Trainee: 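Below is the structure I would like to discuss, written out as structure tokens.
Residue numbers begin at 1 in each chain, while the letters A, B, ... track the order of the sequences. Worth saying up front: this structure is predicted, and the values here are computed from it rather than measured.
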Amino acid sequence: MEDELRVVSASYITENGGPVVELFGRNRKGESFTLLYRNFLPYFYVIEPTGTELEALDKIDDKVKIENVKLQYRGETRNAIKFTCRSPWRVPEFRKIIRDQNRILAADIPFHFRFYYDFDLGSCVKFSGNEVERGKFTTDHVVVLDSIEKTADFLPPLKIMSFDIENTIKTQRLLVIGYTISFTGKYEDGYIVGEPADIVRQFVELVRKQDPDVITGYNIDGYDLPFIEGVASKGGIELKLARDMTTPQRIQGQFWRIHGRVVADAWWNVKREIHPKQETLAFVSIELLGESKGDVDRLNIDREWEKDRERVIKYCIKDSYLALRILEKIDVLDKYENMSTVSLIPLDDVWNSGNSTLIDSLVIRVADRRGIAVPMNNFINRNEEKIEGGYVHSIEPGLYDMVAVLDFKSMYPSLMIKYNICFTTISEDGEIISPNGTRFVSPERKRGLIPELLEDLMRTRDKYKLMMRNETDPGRKRYLNSMQSQVKILMNSFYGVFASSFYRFTDQNIGSSITAFARETIKGIINDLNSKGIQVIYGDTDSVFIKTGKTDVDSAVSFSVSIGEEISKRLGIQIEVERVLDPLFSHGAKKRYAGKVVYPENERGNLIVRGYEIRRTDSFDLQSEALTEIFNYILNRDVNGALRRAKEIISDVKSGRVEIDKLVISRSVKDFEFYKEQDSLANVQTAKKLMKQGQEFVPGMKVSWIVVDSKKRPQEVEPYIPNQTSNIKPDYQYYADRVAQTLSRVTEVFSVDETSLKNVDIKKKSTLEDFF
DNA sequence: CGCATT
DNA sequence: AACGGCTAATGCG
């Protein structure tokens, strides 16, 4: 049989003492597949092993063969051996035989990645083989592979299953599992009730029969899955949720791995994608879907269950439905499928692992092809010293006219290309010298592996952008846009990974050279512009804000474009006019500014605010809204209006003329042990109170509260739960003070301080009362 | 200064 | 075969 597949996940199982690689996914028609490959074995390298080491390796019962090879290691050709064995799970044990871990190479690459690299596979594969009986596998088809190769990507229908559990609070008894399944645009839902052990047994059956690619739910990682696992282990039930009958495994107390499926917690994904101000399912459902949750009282779920079982079941199913719709709404599935295409690893690994895994996938393949040694990651000898980062130019308080924002296109990747920065080119006799003294060989002598990869990615991105411009079909256009954006994200993640302390190809000097070149470049531009009489107002890492001195937009744009072109040509790195702001406001702090956009045309009139409270979840809505209003006045150059309105807002808050929803403050909470003085922190206090009330809480979650007495030490707060606020009395003075502080940072630029803002006769204005 | 956030 | 991109900077308590 022959077909093509989008790979959802890859793993291996043991069969007759040896490994079998398994790939899972769906074809264009939406049929699910298991692909099996039996003739692949694990291996690693050792550079110049000693006699004793070689003897010990040779004696290993698991050994298949030892071969002599040559490898490029730290710029030299070295003799090495390639050690092949049968059991991937025993490799950590064999690693210990070698004294100096620097001499063992590529002995920490997960087996399914080894398979992926060696067969040069991608997000989609073309295969041929014999279809066999399904046996224990849950997919529509099971195929023993003859051949497999990478193929052009496509997006088949994937099946998503969302579930939610309800349990009693006191006895922690499982009451019901509700679920919703989405496939080819259709929804199907249902529930399971009965004895707890039976519920879990039936759930396992359901998952096996439905065979979903993605499993989701709201906070299933930290709550529902561990709960079900607990019931299963108490009842002696094997939780065979995987496509190959294995049980879920928890990685680092956080992610779950279920062979053949992606576990994608809707909460975790929402957090990562949209940073909502509050993270409860109720809040996110309303914000994203405009739908509210059922109104079952979870605190008295035992009573609700006795009184009206149907209602609790409906509520449970609704929660699973909402989580599913949220996951669909934030469009993560397509996005991660496309990143899988760009980074050449299975969907599951893109979704649930870090940037270094993506970079590994591209870099290790090239290194292997060129005989370049692949060291292991090093999590033990972490370098304590930090790399110096980007340069941030200070900004004077004030209101500035016609400011152009120029910024570098992919600055760090561009510098890595320009200066040939790579672990393969770093050398004491290099011709290129970074500002911190590190030397790199010139590209004429030896083109670096990383610069070459980055150049390929730049070309790929430009290709997608060009295709996007010429595309008329909106669906296809969205796809192309997503692809170019994933390529950009991947390019930009190179610097971070190479600046990290643990990464296999990292050298401290590589990371610091990149930022040093960047600082030199940006400072050079600032000095140059200043010497030409062009005033630089601000700059951060890869951007410069200049005063154009023009009064109309067209001249401001053409003036700054010509400056950008001149710099681009001179430095060989592209710099573009991102925006023109008129005016730009600063209160004199770095990374904080507001401006009104006059260019580009499609953004004209928009207000942009960076860094200020408006964007922060630990400021309350009223504070954000007040600041936005004041910025509106200021950016329309109405300073008196701003002052008048600021005073009005503050006096309104002070006298309690504000809805409680506007006073909610949210912050995340870690594991309590993490804190030195946990009792003094409002977020920890809130989490503890929530737990006492029997609410779901897991570390890492954002909690929301209202300050009720700021004069107590520590300040007293009450958890905020929507529609349950009747008995909370906010400390209005506290809120008024905080708003005053925020607004005065702006008004002080115009010589009005906090005290003058607060000192108003509130009797004069009583706008609200006039309505009654 | 510790902590969370951008 | 398995944890893991980076720093600069602000502001609250």
Trainee: Distance-only check: which donor-acceptor pairs under 3.5 Å involve side-chain atoms of residues 105-115 of chain A, not counting sequence neighbours?
Mentor:
{"from": "A:Asp108", "atom 1": "OD1", "to": "A:Arg504", "atom 2": "NH1", "distance (Å)": "2.9"}
{"from": "A:Asp108", "atom 1": "OD1", "to": "A:Arg504", "atom 2": "NH2", "distance (Å)": "3.4"}
{"from": "A:Asp108", "atom 1": "OD2", "to": "A:Asn377", "atom 2": "N", "distance (Å)": "3.0"}
{"from": "A:His112", "atom 1": "NE2", "to": "A:Asp349", "atom 2": "OD1", "distance (Å)": "3.2"}
{"from": "A:His112", "atom 1": "NE2", "to": "A:Asp349", "atom 2": "OD2", "distance (Å)": "3.2"}
{"from": "A:Arg114", "atom 1": "NE", "to": "A:Tyr43", "atom 2": "OH", "distance (Å)": "3.1"}
{"from": "A:Arg114", "atom 1": "NE", "to": "A:Asp118", "atom 2": "OD1", "distance (Å)": "3.3"}
{"from": "A:Arg114", "atom 1": "NH2", "to": "A:Tyr43", "atom 2": "OH", "distance (Å)": "3.4"}
{"from": "A:Arg114", "atom 1": "NH2", "to": "A:Asp118", "atom 2": "OD1", "distance (Å)": "3.1"}
{"from": "A:Arg114", "atom 1": "NH2", "to": "A:Asp368", "atom 2": "OD2", "distance (Å)": "2.6"}

Trainee: Could you state the atom-to-atom distance from OH of A:Tyr503 to C1' of C:dG5 in whole Å?
Mentor: 11 Å
Trainee: Expressed as a whole number of angstroms, how long is the span from A:Arg250:CZ to C:dC3:P?
Mentor: 16 Å
Trainee: Over how many whole Å does the gap from A:Lys712 atom NZ to C:dG13 atom P extend?
Mentor: 17 Å
Trainee: Please classify the nucleic acid contact of A:Gly389 as base, sugar-phosphate, or nothing, using heavy-atom distances under 4.0 Å.
Mentor: sugar-phosphate
Trainee: Among A:Asn355, A:Ile450, A:Ile514, exactly one meets side chain to side chain contact (heavy atoms under 4.5 Å, CB included) together with A:Phe494. Which residue is that?
Mentor: A:Ile450
Trainee: Quickly work out the A:Arg667 CZ to C:dC12 P distance and round it to whole Å.
Mentor: 10 Å
Trainee: Can you list every pair that meets salt bridge (charged side-chain N to carboxylate O under 4.0 Å, His left out) and has a residue in residues 672-684 of chain A, with sequence neighbours left out?
Mentor: A:Asp679-A:Lys688
Trainee: Starting the side chain at C-beta, find the nucleotide from C:dC6, C:dC12, C:dA2 nearest to A:Arg738.
Mentor: C:dC12
Trainee: Categorize A:Asp108 for me: base, sugar-phosphate, or nothing, with a 4.0 angstrom heavy-atom threshold over every strand shown.
Mentor: base
Trainee: Hydrogens and angles aside, do A:Asp737 and A:Gln741 bring a side-chain donor and acceptor to less than 3.5 Å of each other?
Mentor: no
Trainee: In terms of side-chain geometry, is the basic nitrogen of A:Arg86 or A:Asp62 positioned less than 4.0 Å from the acidic oxygen of its partner?
Mentor: no
Trainee: Can you see if the side chain of A:Tyr734 gets near the phosphate of C:dG13 - specifically, an N or O under 4.0 Å from OP1 or OP2?
Mentor: yes
Trainee: Report the distance from atom CG of A:Asp540 to atom C1' of C:dC6, rounded to the nearest whole Å.
Mentor: 14 Å
Trainee: A:Ser668 near the nucleic acid: base, sugar-phosphate alone, or nothing, with a heavy-atom cut-off under 4.0 Å?
Mentor: sugar-phosphate
Trainee: List in numerical order all residues of residues 348-364 of chain A for which some heavy atom is under 4.0 Å away from an atom belonging to DNA chain C.
Mentor: A:Gly354, A:Asn355, A:Ser356
Trainee: Return no unless some side-chain N or O of A:Arg745 is found under 4.0 Å from OP1 or OP2 of C:dG11.
Mentor: yes
Trainee: Ignoring hydrogens and geometry beyond distance, is a side-chain donor-acceptor pair present between A:His587 and A:Tyr612 at under 3.5 Å?
Mentor: yes
Trainee: Rounded to whole angstrom units, what separation is found between the CG atom of A:Asp737 and the P atom of C:dG11?
Mentor: 17 Å
Trainee: Nearest 0.5 Å please: distance from the CD1 atom of A:Ile359 over to the OG atom of A:Ser493.
Mentor: 3.5 Å
Trainee: Output the rounded distance in Å from CH2 (A:Trp256) to C1' (C:dA2).
Mentor: 16 Å
Trainee: Does the side chain of A:Thr742 pick up a donor-acceptor pair with the side chain of A:Glu613 at under 3.5 Å?
Mentor: yes
Trainee: Please confirm whether the shortest side-chain N or O distance from A:Arg592 to OP1 or OP2 of C:dG11 is below 4.0 Å.
Mentor: yes
Trainee: Is A:His275 touching bases, backbone alone, or none of the nucleic acid, heavy atoms closer than 4.0 Å?
Mentor: nothing
Trainee: Residues from residues 675-690 of chain A sitting under 4.0 Å of DNA chain B, heavy atoms only?
Mentor: A:Tyr675, A:Lys676, A:Asn683
Trainee: With a 4.0 angstrom cut-off to heavy atoms of chain A, pull out the first and last contacting nucleotide of DNA chain B, in 5'-to-3' order.
Mentor: B:dG2 to B:dT6
Trainee: Regarding A:Glu22 and A:Ser11, is there a side-chain donor-to-acceptor distance under 3.5 Å anywhere?
Mentor: yes
Trainee: Within this structure, what is the NZ-to-P distance between A:Lys711 and C:dG13, rounded to whole angstrom?
Mentor: 13 Å
Trainee: Look at A:Glu53 together with A:Arg99 and state whether they make a salt bridge at an N to O cut-off of under 4.0 Å.
Mentor: no
Trainee: Charged N to carboxylate O below 4.0 Å: is that the case for A:Arg38 and A:Glu15?
Mentor: yes
Trainee: Taking 4.0 Å as the cut-off, does a side-chain nitrogen or oxygen of A:Gln254 come that near to OP1 or OP2 on C:dC3?
Mentor: no
Trainee: Does a donor on one side chain and an acceptor on the other come within less than 3.5 Å for A:Glu279 and A:Trp267?
Mentor: yes
Trainee: When you get a sec, tell me which of C:dT10, C:dC6, C:dA2 is the closest nucleotide to the side chain of A:Arg257?
Mentor: C:dA2
Trainee: Taking only the side-chain nitrogens and oxygens of A:His587, find out if one of them lies under 4.0 Å from OP1 or OP2 of C:dG11.
Mentor: yes
Trainee: Any side-chain N or O of A:Lys590 under 4.0 Å from OP1/OP2 of C:dA9?
Mentor: yes
Trainee: Quick one, which residues of residues 89-101 of chain A touch DNA chain C with a heavy atom under 4.0 Å?
Mentor: A:Trp89, A:Val91, A:Pro92, A:Arg95
Trainee: Between A:Trp351 and A:Tyr336 (judged by ring centroids, cut-off 6.0 Å), do the two rings come close enough to count as a pair?
Mentor: yes
Trainee: Within 45° of the ring axis of A:Phe44 and under 6.0 Å from its six-membered ring centre, is that where the NZ or CZ of A:Lys82 lies?
Mentor: no
Trainee: Would you check if the side chain of A:Lys689 reaches a backbone N or O of A:Val717 as a donor-acceptor pair within less than 3.5 Å?
Mentor: yes
